[in-house]
Amino acid sequence: MPNLISRFSSRNQRLSHVFLKDRLRGAVTYDRIAGYFRSSIFDLIHEEISTIGRVRIVCNADLDPRDLTAATLSQKARDQAQVERWHEQGDEIDALLERPRWRRLHELLTAGNVEIRVVSRDNAPFLHGKAGLITRPDGTTSSFIGSINETANGWAHSYEMIWEDPSPEAAAWVRSEFDWLWKKGVSLSKAVIDEIGRTADKVEVQVEAMRADPVGLAKSVTVESPLVRRGEGLAPWQKAFVKIFVEHDQKYGAARLLLADEVGVGKTLSMAATGALTVLMGQGPFLILCPATLTLQWQMELWDKLGLPSCVWTRAPQKGWVDHRGHLYRSRDPEDVLRCPTQIGIVSTGLLVRGGPEAQVLMRGSYGMIALDEGHKARVKRGIGMDEPEPGKLYQAMERLAGRTRHLVIGTATPIQTHREEIWDLMRLLAYQNDHVLGRPSASRWWDPEQALDLISGKIALTDPEAAWPWLRSPLPHAREAAVFRGIREDLKVPEEESFTDRGLADLDDFTRDDLHEVLERGEIARKLPFMRYHNPLGRHVVLRRRKTLEDAGLMERIAVNIHPGPGAAPGVFERSAVRTPHFYDRAYEEVRLFTRAMKARQAGTGFLGNLMMQRICSSVASGIATATKMLESRRAGLLLEESEDPDLLEAIEEIGPEAYAAAVDVEAIHLERVLEILSSAKQEDPKGRAVLHYLNQEGWLGLGCIIFSQYFDTARWVGELISANHPGEPVAVYAGVGKSGILLDGEWRTIDREDIKRGVKERKLRVVCATDAACEGLNLQTLGTLINVDLPWNPSRLEQRIGRIKRYGQQRREVDMANLVYAGTIDERVYQRLSERMQDRYDILGSLPDTIEDDWIEDIEKVEAELKSFTKPESPADVFSLRYGDFLSVDGDDKGWEAWTKVVARRDIEERLMRPWKGRG
């Protein structure tokens with residue numbers, strides 16, 4: 001029998017021509033076990049491939065098998081894993097120099113005859129034994145094997161050898177190997193294919209060239225941001241907010257918006273993207289105001305997700321600006337607060353509340369945009385016995401700042417907390433020196449919140465033009481809002497930049513008057529609303545998107561959360577649904593309770609200090625010891641604590657002043673000293689530690705990957721040390737602030753950069769992460785499927801945000817597990833019992849909740865229950881702040897245009913512009 005095997009070597013022949021092109025010409029199918037998927041995979045044979053009826057290639061992707069498991073993983077999560085891997089191995093030089101090849105590759109991948117699948121590193125750690133099977137029209141085959149990669153370099157430049165065997169036996173053998181890998185693989189993500197096409201057509205543009213198209217500029221800045229390169233990208237509703245923002249800027253010359261998206265929807269990125277856009281448009285610097293507890297979170301999210309550098313104003317250990325890399329620019333005088341080294345500055349709202357010299361300087365600045373996060377904290381107090389509403393300190397400061405900025409965006413998930421007028425208080429801030437929001441104060445009915453809200457909520461109706469005219473003339477809506485407004489402006493000769501007319505209905509054309517009467521009478525038919533319930537300031541300036549709406553539309557993943565501990569769980573560890581506590585803890589807790597009660601009774605306004613200590617001891621024994629020590633040391637030394645270490649305590653000291661703080665703590669110090677004595681001398685282990693180990697060991701959560709949250713670094717570090725001591729050889733990450741993150745291995749600590757921890761989590765080298773709330777925003781948690789809350793914040797929305805970490809970042813499991821640890825017999829347990837009633841729906845964990853539980857709620861547990869119930873059905877109808885944008889998801893079907901955008905501003909150019917200082921002025 002003649003030898004059917006043929007041998008080829010690149011030493012003697014150019015393999016791409018004498019073998020591959022020749023064999024593929026006229027073929028009907030081509031199955032190939034290749035190496036890594038590269039842009040040059042079809043470079044030498046694109047013409048031949050385009051004529052073959054079916055081409056199947058199976059490739060390496062260096063992905064963990066859990067990145068590809070269809071049974072437990074959403075399509076979005078699989079796409080994200082592949083896109084991120086594609087970008088990690090990307091070659092910008094090749095994309096530029098070989099642009100025609102990239103275009104040909106995209107054409108082949110979208111033609112319909114080529115399918116590519118990728119396999120995980122477990123199924124094929126490295127596809128080195130490569131092979132191919134070619135079938136001709138007459139049924140004969142050509143099977144070949146060799147180490148050659150399916151790339152131009154492999155076929156044309158490398159030294160390679162190929163053995164070809166045309167026998168049926170060889171074809172069957174290669175086919176069986178191919179079919180095994182093919183079944184193990186998943187299809188190359190369409191997102192990767194789209195990215196290949198976008199890269200092929202990509203051009204680099206300058207910021208100035210894009211300023212005529214602000215939305216296009218936003219796309220140019222974000223399309224290659226870290227978030228997008230991880231396969232995530234801005235959500236459709238976040239892109240929509242950018243479009244809304246730009247439309248307001250173009251229509252009114254300023255965007256004044258209240259962003260009331262529900263918790264977990266991602267308000268931060270919406271505000272960050274628009275703020276960066278104002279800077280790049282040359283409209284001025286971007287000032288972010290938020291609670292001290294969120295300053296670091298804002299800075300990390302800006303950098304980790306959008307690649308935007310920023311600085312945080314800090315008071316300790318030294319006063320000054322700290323950039324995103326941890327470098328301190330020391331302050332010499334209060335004027336330095338207006339010398340921010342970057343165009344994006346983040347300042348604690350506590351600075352404004354304290355009202356010191358820096359606050360006064362800050363309020364003299366001028367800004368392109370101000371974003372106020374947790375905007376509900378800017379409150380106007382109302383109560384029994386008060387003659388007039390009394391603006392709080394933060395609200396007063398915002399009244400001054402509102403006139404110092406072109407754009408103002410206020411973010412809060414609860415614009416109405418106890419009185420419906422609270423949303424109108426925020427509307428007044430938006431309207432300051434911007435008559436297009438509520439009209440001229442002297443000539444507009446909209447400045448009366450009671451009448452305005454009655455009209456918007458439908459308690460009163462206006463169907464007669466005479467009655468409606470005082471509400472329409474100031475502010476006079478923009479012509480683009482409705483045809484009737486265009487007619488009014490044309491009749492009265494009111495230009496678009498003006499929002500007021502002093503003329504009356506008699507000056508309107510008869511046709512326009514009839515048109516107005518008709519629309520008032522019939523209402524907004526498509527929306528089934530009275531005309532004035534849709535066309536009003538609230539509808540124009542409040543943006544609200546609900547998570548359930550987004551889930552129902554398929555834009556957010558619906559992931560169930562199983563809540564632990566359940567009834568009867570581990571009797572030696574749990575009591576009811578709480579952690580069983582030993583006698584020594586009960587004694588220490590009683591001392592903290594006495595301290596709290598004494599503080600509130602002795603001096604009004606200092607009760608929150610007692611509650612602060614109460615929260616710390618309810619977190620962990622380690623946190624209780626650390627906080628009592630810090631409070632006593634701060635009193636004795638008159639020091640301010642480092643903001644990133646204990647921002648709550650820093651904010652408390654800032655608000656009442658160091659001297660008042662020292663006096664308040666000094667009198668009741670005996671209770672704190674007893675707490676320290678009891679906890680330090682007891683030597684017993686913290687019972688929460690047993691609970692954590694129970695879930696990791698007995699419940700198997702270690703194998704699923706676990707994120708362990710605490711509000712406080714002391715607790716996070718203690719939990720990490722405990723796990724490390726009990727799991728030799730298991731690396732345990734502590735993910736916290738700058739310079740405080742690291743890894744514990746066999747009890748040994750090694751300081752590690754947060755980026756390295758994130759990479760270790762993504763690659764599954766790290767299965768356990770202990771994280772603080774302030775630092776966890778930049779962490780990709782899709783590989784961690786369980787969550788332990790070592791402590792519960794008394795702010796329910798923070799609890800929802802923690803849950804959101806594993807619900808919204810491409811979570812791989814369809815159901816996740818969450819354990820909430822509270823000590824039995826404490827106020828934490830009682831608050832949690834009330835919250836637990838809201839956790840019956842595994843998909844909508846907490847439902848409608850306030851953003852904060854006030855101090856006086858904690859003293860009266862019945863009040864907690866009553867208040868939580870009141871937030872299920874707010875005083876005002878839901879329609880009152882969700883009219884126009886209540887279900888707003890995308891804009892003009894333009895959502896996909898962001899990922900396919902080819903005009904790119906270089907990251908270097910973006911950073912250079914954002915790293916320009918304020919130079920002593922806003």
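Everything numeric here is computed off the predicted structure, so don't read it as measured data.
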Has Lys688 got a side-chain atom pairing as donor or acceptor with Val790's backbone, closer than 3.5 angstrom? yes
Roughly how far apart are Ile743 CD1 and Glu730 CD, rounded to 0.5 Å? 11.0 Å
The residue among Asp714, Leu679, Val675 that forms side chain to side chain contact (heavy atoms under 4.5 Å, CB included) with Ile625 is Leu679
Tyr695: what forms a ring pair (Phe, Tyr, Trp, His ring centres under 6.0 Å) with it, not counting sequence neighbours? His564, Phe574, Trp701
Side chains of Glu591 and Glu677: closer than 4.5 Å at any heavy-atom pair? no
Closest non-hydrogen atom pair between Leu294 and Glu374, with its separation: CD1-CG, 3.6 Å
Sub-3.5 Å donor-acceptor pair from the side chain of Thr772 to the main-chain atoms of Tyr712, do we have one? no
What are the two closest non-hydrogen atoms of Leu696 and Cys706, and how far apart are they? CD2-CB, 3.9 Å
Return yes if some donor-acceptor pair links the side-chain N/O of Asp828 with the main-chain N/O of Val822 below 3.5 Å, else return no. no
Distance check, rounded to the nearest 0.5 Å: Thr268 atom OG1 versus Met300 atom CE? 12.0 Å
Just verifying a value: how many Å separate Tyr585 OH and Tyr823 OH, rounded to the nearest 0.5 Å? 5.5 Å
Decide yes or no for Thr314 and Thr295: does some side-chain heavy atom of the first lie under 4.5 Å from some side-chain heavy atom of the second? no
Test salt bridge (Lys or Arg N to Asp or Glu O under 4.0 Å) on Glu721 and Arg717 and set out the steps. CA-CA 6 Å; Glu721 291 173 347; Arg717 177 67 184 264; 3.1 Å; yes
Closer than 3.5 angstrom, by distance alone: can the side chain of Ser724 be matched with the main-chain N or O of Gly747 as a donor-acceptor pair? yes
Walk me through whether Trp298 and Asp373 qualify under side chain to side chain donor-acceptor pair (under 3.5 Å). CA-CA 10 Å; Trp298 259 98; Asp373 198 8; 2.9 Å; yes
Please report the shortest heavy-atom distance between Leu693 and Gln698, naming the atom on each side. O-OE1, 3.9 Å
Minimum side-chain heavy-atom gap Leu258-Ile423 below 4.5 Å: yes
Can Arg593 and Glu590 be counted as an ion pair, charged N to O under 4.0 angstrom? yes
Donor-acceptor pair, Asp261 side chain versus Arg545 backbone, under 3.5 Å? yes
Between Pro565 and Ser577 the two heavy atoms that sit nearest each other are CG-O, 3.7 Å
Side chains of His727 and Asn697: does their closest heavy-atom pair fall under 4.5 Å? yes
In short, salt bridge (charged side-chain N to carboxylate O under 4.0 Å, His left out) pairs touching residues 569-578 with sequence neighbours left out are Glu575-Arg580, Arg576-Glu829
Please tell me if the side chains of Glu422 and Thr412 come closer than 4.5 Å, counting only heavy atoms from C-beta onward. no
Interatomic distance, Glu301 atom CD to Met271 atom CE [nearest 0.5 angstrom]: 9.5 Å
Is there a side-chain contact between Ile723 and Cys770 in this structure, where contact means two heavy atoms from C-beta onward sitting under 4.5 Å apart? yes
Any luck finding a side-chain donor-acceptor pair between Ser710 and Asp791 under 3.5 Å? yes
Whether Ser623 side chain and Ile617 backbone form a donor-acceptor pair below 3.5 Å: no
Between OH of Tyr395 and NZ of Lys381, what distance do you get to the nearest 0.5 Å? 14.5 Å
To the nearest 0.5 Å, what is the distance between NE2 (His376) and CG (Leu426)? 10.0 Å
Could you tell me if the side chain of Val734 sits less than 4.5 Å from the side chain of Leu744, heavy atoms only? yes
